[in-house]
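For reference, the structure discussed in these notes is given below.
Side chains are part of it too, since the values below use all heavy atoms of this structure and drop only hydrogens, waters and symmetry mates. None of the values given here were measured: they were computed from a predicted structure.
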Amino acid sequence: ERDISHSSVERVVLPDATIVLDFMIHRMNFILKDLNVYPERMQSNLKNTILVLSSQRLLVEILKQDKKKIEREHAYKIVQTIAQKAWTESQDFKKLSLKDPGLTAYLDAKTIEQCFDPQYFIRHVDAIFKRIGLN
């Protein structure tokens with residue numbers, strides 16, 4: 001025998017869920033129908049994004065250095081100065097980082113290069129897809 005205390009919820013939730021799903025499908029069709037893709041713009045956006053992501057990785061790598069103790073505020077100032085120069089002067093953040101004496105005092109060129117590797121940010125994609133059954 002089934003307890004009917006939840007049946008009223010089921011009568012509301014299931015229709016509401018299907019209505020929301022229908023709305024989502026129609027909205028996605030509307031968005032994708034006339035979608036224009038600009039690969040050059042996508043590359044530009046990715047380039048700008050790696051600036052932000054790499055600056056965070058540089059900061060973390062500086063703070064990981066056990067040999068040379070550094071306060072977080074000082075490490076932040078080093079990375080922020082380079083990032084701001086790259087942004088405001090439209091210069092290559094990676095090149096500026098590799099030749100900045102304040103940064104190279106804490107990190108070698110190989111470590112700096114690794115901070116700019118976009119593969120770091122997608123390293124778990126296969127495991128995630130596998131976990132949700134898409135791989």
When rounded to the nearest 0.5 angstrom, what is the spacing between CZ in F121 and OG in S54?
-> 5.5 Å
Could you list the residues that satisfy side-chain contact (heavy atoms from CB on, under 4.5 Å) with V60, not counting sequence neighbours?
-> Q56, K64
Do S97 and D100 get their side chains close enough for a donor-acceptor pair, meaning under 3.5 Å?
-> no
Identify each donor-acceptor pair in which a side-chain atom of residues 75-89 lies under 3.5 Å from a protein atom, sequence neighbours left out, and give them as a table.
unit_1, atom_1, unit_2, atom_2, d
T81, OG1, K77, O, 2.7
T88, OG1, Q84, O, 2.8
E89, OE1, Q91, NE2, 2.5

Could you state the interatomic distance from OG1 (T104) to CG (L98), rounded to the nearest 0.5 Å?
-> 9.0 Å
When rounded to the nearest 0.5 Å, the distance separating OH of Y106 from CG of L58 is 14.0 Å
About how many Å separate CG of N29 and CG of D34, when rounded to the nearest 0.5 Å?
-> 11.5 Å
Can you see which heavy atom on R57 is nearest to which on C115, and at what distance?
-> NH1-CA, 3.5 Å
Value for CG (D108) from CG (L103), rounded to nearest 0.5 Å, stands at 10.0 Å
Does CZ belonging to R72 count more than 12 external heavy atoms closer than 6.0 Å?
-> no
To the nearest 0.5 Å, what is the distance between CG (L53) and CG (D117)?
-> 12.0 Å
What residues, two or more places apart in sequence or in another chain, satisfy side chain to side chain donor-acceptor pair (under 3.5 Å) together with S55?
-> none
Identify, with sequence neighbours excluded, every residue that meets side chain to side chain donor-acceptor pair (under 3.5 Å) alongside H26.
-> D22
Pair up each side-chain donor or acceptor in residues 35-45 with any protein partner under 3.5 Å, not counting sequence neighbours, and list the distances.
unit_1, atom_1, unit_2, atom_2, d
R41, NH1, S44, OG, 3.4
N45, ND2, R41, O, 3.4

Cluster link F129 to I122, ILVMFWY, side chain under 4.5 Å = yes
With sequence neighbours left out, write down each residue that passes side chain to side chain donor-acceptor pair (under 3.5 Å) with D16, or none if nothing qualifies.
-> none
